[in-house]
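As the structure is a computational prediction, the values presented were derived from the model and not from experiment.
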Amino acid sequence: MEQKIKLGISSCLLGEKVRYDGGHKLDHYLKDILGRFVEWTPVCPEVECGLSVPREAMRLIGTPDAPRLVTRRTGTDYTGQMQQWARNRMGELEREDLCGFIFKSRSPSSGMQGVKVYTFSGISRTSGVGIFARAYTEHFPLMPVEDDGRLNDPHLRENFIERIFVFKRWKDLVGKKGRTRDLVDFHSDHKFLILSHSPRHYSALGRLVANAKDYRGKSLQSDYLKILMEGLKLLATVKKNTNVLQHMMGYFKKQLQPDEKKEIGAVIEEYHRGLVPIVVPIVLVRHYVRKYNEAYLKRQYFLNPHPAELMLRNHV
Ligand code: SF4
């Protein structure tokens, strides 16, 4: 990557000592491994909205849709202060040109899902969203977001990192004025990647691109991005990946020697049976793409969705 991808992140995940107790929640994978490809924009809503370190711990109280942010011991309500700060901060974050955000899980300010919300009688339900995370996801509804807890799952991690790289390429496309021809190329280069998540979304996007001339202004881009990001959120499965790999093999029908065809077919079958991770058939397909100089497949992001150093496909 010539240019690092820009991501927002809850500050405590980078090791900043901003938590209510003066501690941090350093995540080594995010800081040291993903961090090699990322330029971070750290955000600590509680400190940035004016609270001190250390401070009284807080929790959400009330209804899950519109809870209050209240301190645990003295019951001080910081909802208004946090919301006011968040509204102002969104404008600055827009200018940061971020491609995603990683939230600290379970936090009443930063948690993006499953945060405990207490009733006034003290019973908790884990169905809330932190005050800042809610403001952020409402302001940037199509941007990829995740939390540190969910990113421990290799499938969710691979999915999120794939999405941030797609989002970055999308921003680059739109930045280049986003001519219809560029959109057609973008769609074509992402064909197998999108198919590995959702053939239904790929078809819907294809219809949009085919009818591009009927669109006016920016609505084509916004409709395309909405369907794209919705589709990519659906996890790629072994079945969908196997279909994609077999579909790709079709491009080689004429060039591949019988033993080469047999070799690829056998490796795809091993992947299908759960004997090897997806990186194995992908490396083989990439090898034949190079050997036969298969121009269309060379451009497919399915074969190269994110930096190999992250080794994301060794575990899925
Ligand atoms: S979870 Fe959010 S509010 Fe709490 S310390 Fe981390 S960044 Fe700050």
Side-chain angles (χ1 to χ4, degrees), residues 6-32 34-35 38-98 100-140 143 145-152:
K6 290 181 97 179
L7 291 188
I9 188 167
S10 298
S11 308
C12 55
L13 292 173
L14 292 182
E16 292 182 19
K17 293 181 176 173
V18 287
R19 279 172 58 84
Y20 72 96
D21 58 1
H24 61 74
K25 282 284 176 184
L26 175 63
D27 185 309
H28 283 288
Y29 175 82
L30 297 177
K31 186 169 185 211
D32 301 328
L34 184 59
V38 168
E39 184 182 331
W40 299 112
T41 294
V43 181
C44 176
E46 293 180 15
V47 168
E48 291 187 27
C49 85
L51 304 180
S52 61
V53 181
R55 58 188 170 275
E56 207 186 324
M58 293 193 273
R59 62 179 180 172
L60 296 177
I61 295 185
T63 59
D65 287 349
R68 310 294 302 175
L69 181 66
V70 178
T71 59
R72 285 179 178 264
R73 193 171 42 82
T74 59
T76 312
D77 188 328
Y78 285 112
T79 318
Q81 185 170 326
M82 173 72 74
Q83 286 172 333
Q84 177 63 48
W85 163 82
R87 270 193 292 277
N88 297 334
R89 189 71 162 104
M90 289 310 146
E92 292 169 14
L93 290 170
E94 256 175 37
R95 290 190 286 281
E96 292 280 339
D97 208 21
L98 303 177
F101 202 106
I102 300 174
F103 292 103
K104 175 72 195 82
S105 56
R106 299 194 298 273
S107 154
S109 304
S110 301
M112 59 170 245
Q113 63 166 48
V115 180
K116 280 185 182 169
V117 181
Y118 292 82
T119 61
F120 291 100
S121 53
I123 298 164
S124 72
R125 288 162 290 181
T126 49
S127 53
V129 178
I131 302 292
F132 169 66
R134 183 185 295 276
Y136 191 92
T137 49
E138 283 176 2
H139 195 85
F140 300 102
M143 188 182 290
V145 295
E146 264 304 350
D147 70 38
D148 61 316
R150 283 168 53 90
L151 287 177
N152 286 321

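What you find for S11 and V18 is that their closest heavy atoms are CB-CG2, 4.0 Å. Nearest heavy atoms, R134 versus P67: NH2-CD, 4.2 Å. Considering all non-hydrogen atoms of both residues, T126 and K116 come closest at CG2-CG, 3.6 Å. In this structure, A86 and A135 approach most closely via the heavy-atom pair CB-CB, 4.0 Å. The two atoms that bring M112 and D147 nearest to each other are SD-N, 3.7 Å, heavy atoms only. Contact detail for F120 and G62: the closest heavy-atom pair is CE1-CA, 4.1 Å.
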Exercise for review: Please lay out, stage by stage, how M58 and L51 fare under the test side-chain contact (heavy atoms from CB on, under 4.5 Å).
Suggested key: CA-CA 11 Å; M58 293 193 273; L51 304 180; 3.5 Å; yes

Practice item. Show your working on side-chain contact (heavy atoms from CB on, under 4.5 Å) between V43 and L93 and close with a plain yes or no. Key: CA-CA 10 Å; V43 181; L93 290 170; 4.1 Å; yes

Practice item. Apply side-chain contact (heavy atoms from CB on, under 4.5 Å) to L69 and L60, showing your working. Key: CA-CA 5 Å; L69 181 66; L60 296 177; 4.1 Å; yes

Review point. So R89 and E92, salt bridge (charged side-chain N to carboxylate O under 4.0 Å, His left out) or not? Walk me through it.
Key: CA-CA 5 Å; R89 189 71 162 104; E92 292 169 14; 3.0 Å; yes

Practice item. Test K6 against D97 for salt bridge (charged side-chain N to carboxylate O under 4.0 Å, His left out), laying out the working first. Key: CA-CA 7 Å; K6 290 181 97 179; D97 208 21; over 6 Å; no

Check your understanding: Given the rule in the side-chain contact (heavy atoms from CB on, under 4.5 Å) test, do L7 and W40 qualify, once you have shown the distances and angles that lead to the verdict?
Key -> CA-CA 5 Å; L7 291 188; W40 299 112; 3.8 Å; yes

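Distance check, rounded to the nearest 0.5 Å: OG1 of T41 to CZ of R95 gives 12.5 Å. Interatomic distance, L14 CG to I9 CD1, rounded to the nearest 0.5 Å: 4.0 Å. Put simply, OH on Y78 and CD1 on I131 are 14.0 Å apart, with the number rounded to the nearest 0.5 Å. Of the inter-residue distances, the one linking L151 atom CG with L34 atom CG reads 8.5 Å to the nearest 0.5 angstrom. Of the inter-residue distances, the one linking H24 atom NE2 with L13 atom CG reads 11.0 Å to the nearest 0.5 angstrom. The CG atom of D77 lies 4.0 Å from the CZ atom of R68; values are rounded to the nearest 0.5 Å.
Of the possible donor and acceptor atoms, one in the side chain of D148 sits under 3.5 Å from a partner among the backbone N and O of S105. Side chain of R55 to backbone of S52: a donor-acceptor contact under 3.5 angstrom is found.
The closest side-chain donor-acceptor pair between E56 and T76, if any, does not fall under 3.5 angstrom. Side chain to side chain, T63 and D65 fail the donor-acceptor criterion of an N or O pair below 3.5 Å.
Residues C12 and C44 form no side-chain contact, since every pair of their non-hydrogen atoms from C-beta on lies 4.5 Å or further apart.
In summary, the aromatic rings of F103 and Y136 are positioned with their centroids under 6.0 Å apart.
In this structure, R59 places its CZ atom where more than 12 heavy-atom neighbours from other residues, nucleotides or ligands lie under 6.0 Å away.
Just one residue in the list E46, E48, K104 forms a side chain to side chain donor-acceptor pair (under 3.5 Å) with S109, and that residue is E46.
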